[in-house]
Enquirer: 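Quick one: the structure is below, questions incoming.
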Amino acid sequence: MNAIVHDTGERHLIETASRVTPGGSFGNLPTELVIRKGSGGRVWDESGNSYVDFLLGSGPMFIGHGHPDVTSAVAAQVPLGTTFFGPNRFGVKLADAIIGAVACAEKLRFVCTGTEATMYALRAARAWRKRDRILKFEGGFHGMSDSVLMSWAPRHPGNFPQALPDSAGIPHTVHDDVLIAPFNDAETATSLIREHKDELGAVIVEPFQRVIPPVPGFLEALRKVTAECGIPLIFDEIVTGFRFAYGGAQEYYGVVPDLCALGKIMGGGFPLAAVAGRADIMAHFDSSAVPEEDFLPQLNTLAGNPVAAAAGLATLEVLRQPGTYERAFATGRELIARLSELLKRSRLPAHVIGEPVLFDVVFTDQPVKDYRSWIRSDAAQLRKFNQVLRQHGIFKSETKYYVSVAHTQADIDQATEAWSAAIDVLAAER
Ligand SMILES: Cc1ncc(COP(=O)(O)O)c(C=O)c1O
């Protein structure tokens with residue numbers, strides 16, 4: 001296996017990026033390589049190096065890059081117009097398909113990003129409940145808006161339920177309206193929700209937090225206490241929606257929230273996301289359904305545009321084909337089995353956590369069930385491991401393997417060889 005080398009053209013692009021963007025990146029990943037194309041479960045950089053793609057555009061490309069059904073749906077719409085602001089047939093059909101798929105979704109509104117989807121979900125819940133405060137979980141990520149960019153990645157976690165901002169520029173007035181609870185600790189979360197029930201407008205959670213699955217009973221406990229207290233429960237299903245099952249994490253784990261935020265897969269690789277949920281809460285988006293002061297305006301120039309909606313609709317059609325989820329889950333299970341076996345043989349203190357279609361290694365021999373146990377794992381080892389993988393043609397984020405329906409046996413084999421090489425490097429350094 002040849003190590004990755006970047007040619008002059010690609011190096012020039014990297015230099016340009018470092019000159020014209022803060023930190024030399026678009027914000028998402030460091031500009032260490034420049035991607036030119038993707039096909040199925042692989043991407044190629046500008047120098048022509050090929051990688052097994054476990055990043056999948058940070059999740060949307062679950063059925064693979066350039067799927068012919070998606071490409072032809074998009075190509076058919078582009079010459080007919082790419083955005084109208086007014087309703088279009090693909091948007092209407094996609095909304096209907098999502099309502100048919102997702103248990104909590106009685107009504108939905110389109111937006112362009114996951115950040116907007118969670119922002120509107122929270123705003124709708126607050127409008128319905130007429131309370132301002134929200135409760136989220138430490139380590140949970142819900143996009144970039146002020147009230148959720150709190151205690152996602154605190155360097156020095158504080159005392160629960162105090163919220164710590166993850167970004168400069170968030171007004172101090174926002175901090176007090178956010179309460180933080182530990183993920184997977186049903187008892188603490190339940191007692192915080194009960195204690196603050198008269199102030200809370202919403203509880204928001206990633207049902208599968210980053211790569212940490214919910215322990216049995218955790219989501220059920222959240223459902224129970226929020227229902228008892230009359231507080232809307234929001235599942236952030238930007239990552240899990242249409243991935244863990246056609247009906248998302250709420251189908252996979254069998255717990256139905258009041259509202260959810262959807263994105264990534266449902267946009268077929270285009271900027272499209274949605275807030276969906278109970279009709280009585282979603283009614284706040286309808287000026288004729290609620291008193292004037294309870295109305296929640298929601299405008300978005302490109303939301304539900306026909307190109308993105310056609311891509312999303314074509315993606316959902318592929319997902320409904322028999323065997324699609326079985327294939328992705330079988331690939332994921334094989335990847336996890338091989339990686340776990342290699343780690344076990346190496347005797348490195350490391351193990352795999354997650355679900356078959358979304359997982360990663362944690363360098364610790366302790367169980368990881370929340371943010372605090374996750375940060376006790378060895379991040380430097382993980383970084384090193386990922387660097388060696390990149391040299392062996394594996395493209396992934398720092399903390400996740402996204403598995404695609406399109407990954408092949410050859411991709412699994414290449415990943416196995418790369419893991420083996422990376423484990424050898426770490427083992428030699430011990
Ligand atoms: C769980 C979750 N919520 C929200 C978001 C924000 O979505 P976007 O990047 O589309 O704004 C993300 C993005 O990765 C996410 O993983």
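Whatever order the structure lists ligands and atoms in, that order sets their numbers, starting from 1. Residue indices begin at 1 and follow the sequence shown.
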Enquirer: By number and element, which atoms of ligand 1 are closer than 4.0 Å to a non-hydrogen atom of Glu206?
Expert: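 Near Glu206, meaning under 4.0 Å from one of its heavy atoms, ligand 1 has 1 (C).
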Enquirer: Thinking salt bridges, do Arg19 and Glu15 make one under a 4.0 Å N-O criterion?
Expert: no
Enquirer: Just going by heavy-atom distances, which of Glu116, His142, Gln209, Arg210 is nearest to atom 16 (O) of ligand 1?
Expert: Arg210
Enquirer: Among all protein heavy atoms, pick out the one at the shortest distance from atom 14 (O) of ligand 1; state its residue, atom name and that distance to 0.1 Å.
Expert: Lys264 NZ, 2.8 Å
Enquirer: Against heavy atoms of Thr113, which atoms of ligand 1 measure under 4.0 Å?
Expert: 10 (O), 11 (O)
Enquirer: Do ligand 1 and Asp236 have nitrogen or oxygen atoms that lie under 3.5 Å from each other?
Expert: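 Such a contact does occur with ligand 1.
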Enquirer: Between Thr115 and Met144, is there a donor-acceptor pair closer than 3.5 Å when you use the side chain of the first and the backbone of the second?
Expert: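 Yes; judged by distance alone, with no hydrogens or angles, the pair exists.
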Enquirer: Spell out, as yes or no, whether a donor-acceptor pair under 3.5 Å connects the side chain of Lys264 to the backbone of Ser58.
Expert: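 Pair found, side chain donor or acceptor close to backbone of Ser58.
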Enquirer: Run the salt-bridge test on Arg278 and Glu106 with the 4.0 Å N-O cut-off and return the result as yes or no.
Expert: no
Enquirer: Could you tell me whether the side chains of Glu237 and Thr240 share a donor-acceptor contact shorter than 3.5 Å?
Expert: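 Judged by distance alone, the side chains do pair up.
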Enquirer: Short check: is a protein heavy atom less than 4.0 Å from atom 3 (N) of ligand 1?
Expert: yes
Enquirer: Looking only at protein heavy atoms, identify the closest one to atom 8 (P) of ligand 1 and say how far it is in Å.
Expert: Gly114 N, 3.4 Å
Enquirer: Is the distance between the ring centroids of Phe218 and Phe183 under 6.0 Å?
Expert: yes
Enquirer: N/O of Ser58 under 3.5 Å from N/O of ligand 1, yes or no?
Expert: no
Enquirer: So, 4.0 Å and heavy atoms of Thr118: is ligand 1 close enough to count as a contact?
Expert: no
Enquirer: For atom 12 (C) of ligand 1, find the nearest protein heavy atom and state the residue, atom name and distance (0.1 Å precision).
Expert: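 Protein heavy atom at minimum distance: Phe141 CE2, 3.5 Å.
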Enquirer: Return the orientation label for the Tyr401 and Trp419 ring planes: parallel under 30°, perpendicular over 60°, tilted otherwise.
Expert: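 The arrangement is perpendicular - the two ring planes meet at more than 60°.
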Enquirer: One residue to check: Ile238. Relative to ligand 1, which of side chain, backbone, both or neither has a non-hydrogen atom less than 4.0 Å away?
Expert: side chain
Enquirer: Look at the side chain of Ser151 and the backbone N and O of Leu164, then say whether any donor-acceptor pair between them is shorter than 3.5 Å.
Expert: yes
